[in-house]
Enquirer: 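Below you will find the structure I want to go over with you.
Every heavy atom of this structure was used, including side-chain atoms; hydrogens, water molecules and symmetry mates were not.
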Amino acid sequence: MDAAPTPDPDVEVRRAWRDALGVVLATSAYGISFGALSVASGLDVWQTCVLSLLMFTGGSQFAFVGVIGAGGLAAAPAAIASSGLLGVRNVAYGLRMAPVVATSRMRRVLAPHFTIDESTAVSLALTGVRARTVGFWATGIGIWIGWNLTTLAGALLGDVLGDPKQYGLDAAAAAAFLALLWPRLRRRQPIAVGVAAAVVATLLTPVLMPGVPVLVAAVVAVVVGWLNLFAERPAPARLPERQRES
């Protein structure tokens, strides 16, 4: 059987820029939702913008303002714990992406700030080292710029927007992830992992603090991978016709 053709590096780099642009636009739009919800939860405009500039991880930011909005400043320790739990996953992303993007001292300093769900997903969806590097930096830096601009816009508009969910912005980032994930769902094991993790997270979200359902769902994926559950078994080799007849 012929080996699969090696992707053209230039074609892959163009794909990296194209994928990055799509994810940047979708995720940046979601920043308007965060800015409006943060101000509605009691933070002012500059506090909201500082969160996006320095924390820069959407799930952790939403967890933080959600807990603050529910419990006020007295709930700050719980808000920090919730956002910290969600941020743990970025450590795993960093370990995976370090060989690709941390190729100089300056990059090793900057890369952790841009190591987020989206930059990791775009990069790993590619195969060439050059394309993965372009995908990571273009997505990470692009989202950082767009997310902070739309955070400011959402915070300034505030109550004028009303409920941000009515615009569907809360689904924009999820739709971008699904577009990246869908081509990989061609085998039984990835499909089983995705379904099991989604079911676990959905069932636990109403009863556990923010962040914990995500970590438990990640454990499901680790267990399936460690035990190699649901993987297709290779078909037994068939003997040539002449050997079977002898």
Side-chain angles (χ1 to χ4, degrees), residues 1-31 56-60 86-148 150 171-195 197-198 214 217-218 220-222 224-226 228 230-232:
M1 185 174 61
D2 295 336
T6 303
D8 186 309
D10 292 333
V11 172
E12 274 242 298
V13 168
R14 288 195 293 270
R15 178 191 165 193
W17 282 108
R18 185 173 62 251
D19 289 351
L21 177 61
V23 174
V24 166
L25 292 176
T27 307
S28 296
Y30 197 22
F56 185 50
T57 171
S60 295
L86 279 174
V88 168
R89 69 192 188 281
N90 287 1
V91 177
Y93 296 159
L95 294 174
R96 180 66 180 86
M97 297 306 303
V100 178
V101 299
T103 54
S104 67
R105 179 170 297 181
M106 180 60 69
R107 289 187 176 188
R108 284 195 293 271
V109 172
L110 295 176
H113 195 57
F114 301 110
T115 303
I116 55 176
D117 300 316
E118 294 84 355
S119 61
T120 303
V122 170
S123 181
L124 294 183
L126 304 163
T127 55
V129 174
R130 181 177 161 215
R132 283 187 169 186
T133 302
V134 170
F136 174 87
W137 290 106
T139 306
I141 294 175
I143 290 178
W144 186 80
I145 294 172
W147 179 264
N148 281 282
T150 53
F177 269 123
L178 183 59
L180 288 172
L181 178 64
W182 190 259
R184 292 174 172 262
L185 299 180
R186 296 177 179 175
R187 296 181 178 272
R188 184 169 56 194
Q189 190 176 58
I191 294 174
V193 169
V195 172
V214 175
V220 173
V222 170
V224 172
W226 183 269
N228 200 28
F230 307 109
E232 287 93 347

Enquirer: Any donor-acceptor pair under 3.5 Å linking the side chain of Glu12 with the backbone of Thr127?
Expert: yes
Enquirer: Apply the side chain to side chain contact (heavy atoms under 4.5 Å, CB included) test between Met97 and each candidate in Ser123, Ser119, Pro112; give the one that qualifies.
Expert: Ser123
Enquirer: I'd like to check Val101 versus Arg107 (side-chain heavy atoms, cut-off strictly below 4.5 Å). Are they in contact?
Expert: no
Enquirer: So do Arg130 and Asp10 actually touch side chain to side chain, heavy atoms under 4.5 Å?
Expert: yes
Enquirer: Identify all side-chain donor-acceptor contacts of residues 139-147 below 3.5 Å with residues at least two apart in sequence or on another chain.
Expert:
unit_1 : atom_1 : unit_2 : atom_2 : d
Thr139 : OG1    : Gly135 : O      : 2.6
Trp144 : NE1    : Leu53  : O      : 3.3
Trp144 : NE1    : His113 : NE2    : 3.3
Trp147 : NE1    : Ser52  : OG     : 3.0
Trp147 : NE1    : Gln61  : OE1    : 3.4

Enquirer: Write down the atom of Phe56, the atom of Ile116, and the distance for their closest heavy-atom approach.
Expert: O-CG2, 3.6 Å
Enquirer: Which atom pair, heavy atoms only, marks the closest approach of Arg132 to Leu124?
Expert: NH2-O, 3.7 Å
Enquirer: What are the two closest heavy atoms between Val100 and Thr133, and how far apart are they?
Expert: O-OG1, 3.5 Å
Enquirer: Under the side chain to side chain contact (heavy atoms under 4.5 Å, CB included) rule, what do Thr115 and Phe136 come out as? Steps first, then yes or no, please.
Expert: CA-CA 8 Å; Thr115 303; Phe136 174 87; 3.5 Å; yes
Enquirer: Arg14: which residues meet the salt bridge (Lys or Arg N to Asp or Glu O under 4.0 Å) condition with it, sequence neighbours left out?
Expert: none
Enquirer: Listed by chain and number, what are the side-chain hydrogen bond (donor to acceptor under 3.5 Å, both in side chains) partners of Arg18, not counting sequence neighbours?
Expert: none
Enquirer: So do the side chains of Tyr93 and Asp117 get within less than 4.5 Å of each other, counting heavy atoms only?
Expert: yes
